[in-house]
Amino acid sequence: MPHSPDLAARLRAATWSAHQAAAGDAFLKGLLRGERGVHYYARLASQHLVIYRALETAVAASGDGLAASLHDPALERVTAIEADLAALGGPVEPTPATVAYAQLLAGLAADPVRLAAHHYTRYLGDLSGGQHIGRALSRRFGATTTSFYRFAIDDLDAFKQQYRAKLDAAGLDSAAELALLDEAARAYAASHAVHASLADEAAMVA
Ligand code: HEM
């Protein structure tokens, strides 16, 4: 029966161990602890530009399926990232992991359920731990470089609750649900690969 009242809770539970690994990611931790300079933050923001361009283009092209139903223009990040990068001295080239992530997203424009898993992983993350990351980066590198982390949304918790309610009301059948959970694991893996590629670069330079 195509109804999943606790889909959002199960999505969170299914991805939480991947989440804990992501939150402990060496590159991100180093950046937040102040062990990496602004050059590394500019590298990260440059990856975000490529990833969010691909994500937002795919969502816009995905018709009226699950990804579009979860979407809200207030989530869109490309303009904010461009502003941050202007303050940081302009974008630099993406790593191969970022190019692969963007290609994965572009290929999902025709699969709104799998695309929704990426939508969830990026934007709910930005609205959650991203807020903590943004405040730390803002203290270190200045507010003009961290628009990415600021949303024109009054009540982030209420917004996240509505987002979860939309997931619960989506009425996915079990095959679609499995696809969503499967793709969320891929979304975390893709994000981790980007951070690992930046950590590798940092190790080469260090
Ligand atoms: C320093 C790094 C991070 C910290 C401290 C952190 C912290 C948190 C916290 C406290 C929550 C729960 C918020 C709530 O229940 O409202 C959360 C949720 C979330 N985070 Fe993170 N996070 C970090 C990194 C990441 C990364 C790198 C990703 C994605 C690649 C991510 C994706 C998510 C998602 C999707 C949720 C929503 C889970 C749900 O309620 O379904 N986080 N994060």
Side-chain angles (χ1 to χ4, degrees), residues 4-36 40-41 43-52 54-56 59 66-67 70-72 75 77 81 95 97-98 100-102 104-105 108 113-141 146 148-151 153-170 172 177 180-199:
S4 355
D6 58 352
L7 179 59
R10 281 183 291 120
L11 180 56
R12 180 191 173 100
T15 53
W16 202 246
S17 70
H19 176 272
Q20 297 309 79
D25 198 290
F27 179 80
L28 213 48
K29 271 174 100 171
L31 197 61
L32 295 178
R33 280 187 188 143
E35 292 161 4
R36 304 230 175 274
Y40 293 102
Y41 176 43
R43 295 291 292 137
L44 178 64
S46 299
Q47 312 313 305
H48 284 162
L49 181 62
V50 174
I51 293 163
Y52 284 82
L55 175 61
E56 288 166 13
V59 171
L66 183 60
L70 295 171
H71 195 62
D72 186 307
L75 293 171
R77 299 290 84 200
I81 304 167
T95 70
T98 298
Y101 192 174
L104 172 66
L105 291 167
L108 293 178
V113 170
R114 284 188 179 271
L115 184 60
H118 291 271
H119 193 280
Y120 158 82
T121 306
R122 297 291 346 168
Y123 293 123
L124 239 59
D126 299 334
L127 296 173
S128 304
Q131 296 302 296
H132 157 83
I133 297 170
R135 282 189 293 273
L137 293 176
S138 204
R139 280 193 297 274
R140 185 150 158 72
F141 301 122
T146 53
F148 171 75
Y149 300 94
R150 289 189 296 276
F151 290 84
I153 294 172
D154 289 338
D155 184 339
L156 294 186
D157 285 336
F159 186 95
K160 287 192 284 181
Q161 278 313 113
Q162 283 160 15
Y163 190 103
R164 294 183 184 110
K166 282 193 234 170
L167 272 172
D168 289 346
L172 299 188
E177 256 192 63
L180 183 76
L181 298 179
D182 178 60
E183 194 64 31
R186 216 187 309 270
Y188 273 102
S191 171
H192 172 70
V194 170
H195 289 161
S197 70
L198 294 174

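Atoms within each ligand, like the ligands themselves, are counted from 1 in listed order. When reading the values below, keep in mind they use all heavy atoms of this one structure, side chains included, and skip hydrogens, waters and symmetry mates.
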Fill in: Side chains of Phe151 and Phe159 in contact at under 4.5 Å (non-hydrogen atoms)
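A side-chain contact under 4.5 Å is absent here.
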Worksheet item: Hey, are the side chains of Val50 and Tyr101 touching, using non-hydrogen atoms and a 4.5 Å cut-off?
Response: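 No - every pair of side-chain heavy atoms lies 4.5 Å or more apart.
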Option whose closest heavy atom lies nearest to [atom], chosen from [options]:
| atom | options | value |
| --- | --- | --- |
| atom 7 (C) of ligand 1 | Gly129, Ala14, Gly24 | Gly129 |
| atom 37 (C) of ligand 1 | Thr121, Leu28, Leu124 | Leu124 |
| atom 40 (O) of ligand 1 | Lys160, Arg12, Gln131, Arg10 | Arg12 |

Region of [X] engaging ligand 1 - heavy atom pairs below 4.0 Å:
| X | result |
| --- | --- |
| Ala23 | both |
| Lys29 | neither |
| Asp25 | neither |
| Ile133 | side chain |

Nearest neighbour in protein (non-hydrogen) for [atom]:
| atom | result |
| --- | --- |
| atom 18 (C) of ligand 1 | Ser128 CB, 3.3 Å |
| atom 26 (C) of ligand 1 | Ala22 CB, 4.0 Å |
| atom 35 (C) of ligand 1 | Tyr188 OH, 3.5 Å |
| atom 5 (C) of ligand 1 | His132 CD2, 3.8 Å |
| atom 30 (C) of ligand 1 | Ser191 OG, 3.2 Å |

If the plane angle is over 60° it's perpendicular, under 30° parallel, otherwise tilted; pick one for [X] and [Y].
| X | Y | result |
| --- | --- | --- |
| Phe148 | His48 | parallel |
| His119 | His71 | perpendicular |
| Tyr163 | Tyr120 | tilted |

Discussion item. Does this structure show an ion pair linking Arg186 with Asp182, if we count only N-O contacts that are shorter than 4.0 Å?
Written reply: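 Salt bridge present between Arg186 and Asp182.
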Discussion item. I'd like to know if Leu32 contacts ligand 1, where contact means a heavy-atom distance under 4.0 Å to any ligand atom.
Written reply: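 Yes.
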Compute the shortest N/O to N/O distance between [X] and ligand 1 and return yes if it is under 3.5 Å, no if not.
| X | result |
| --- | --- |
| His19 | yes |
| Arg164 | yes |
| Tyr120 | yes |

Practice prompt. Verify, without hydrogens or angle tests, whether Arg36 (side chain) and Phe27 (backbone) share a donor-acceptor contact under 3.5 angstrom.
Written response: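 Such a contact is absent between Arg36 side chain and Phe27 backbone.
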Worksheet item: Can any side-chain N or O of Thr15 pair as donor or acceptor with the backbone N or O of Arg12 at less than 3.5 Å?
Response: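 Checking the backbone N and O of Arg12 against the side chain of Thr15, a donor-acceptor pair under 3.5 Å is found.
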Worksheet item: Which ligand 1 atoms are under 4.0 Å away from a heavy-atom of Gly125?
Response: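 With Gly125 as reference, the close atoms of ligand 1 come out as 20 (N), 31 (C), 32 (C), 33 (C), 34 (C), 35 (C).
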Worksheet entry | Residues in salt bridge (Lys or Arg N to Asp or Glu O under 4.0 Å) contact with Arg43, at least two apart in sequence or another chain |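 Testing Arg43 for salt bridge (Lys or Arg N to Asp or Glu O under 4.0 Å), a comparison that skips the adjacent residues, returns Glu201.
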Item to complete: Check the pair His195 / Leu44 against side-chain contact (heavy atoms from CB on, under 4.5 Å), numbers first and verdict last.
Response: CA-CA 8 Å; His195 289 161; Leu44 178 64; 3.8 Å; yes
Practice prompt. Test side-chain contact (heavy atoms from CB on, under 4.5 Å) on Leu115 and Leu55 and set out the steps.
Written response: CA-CA 8 Å; Leu115 184 60; Leu55 175 61; 4.1 Å; yes
Item to complete: Flag atom 10 (C) of ligand 1 as yes if some protein heavy-atom distance to it falls below 4.0 Å, otherwise no.
Response: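 No; the ligand atom in question lacks any protein heavy-atom contact below 4.0 Å.
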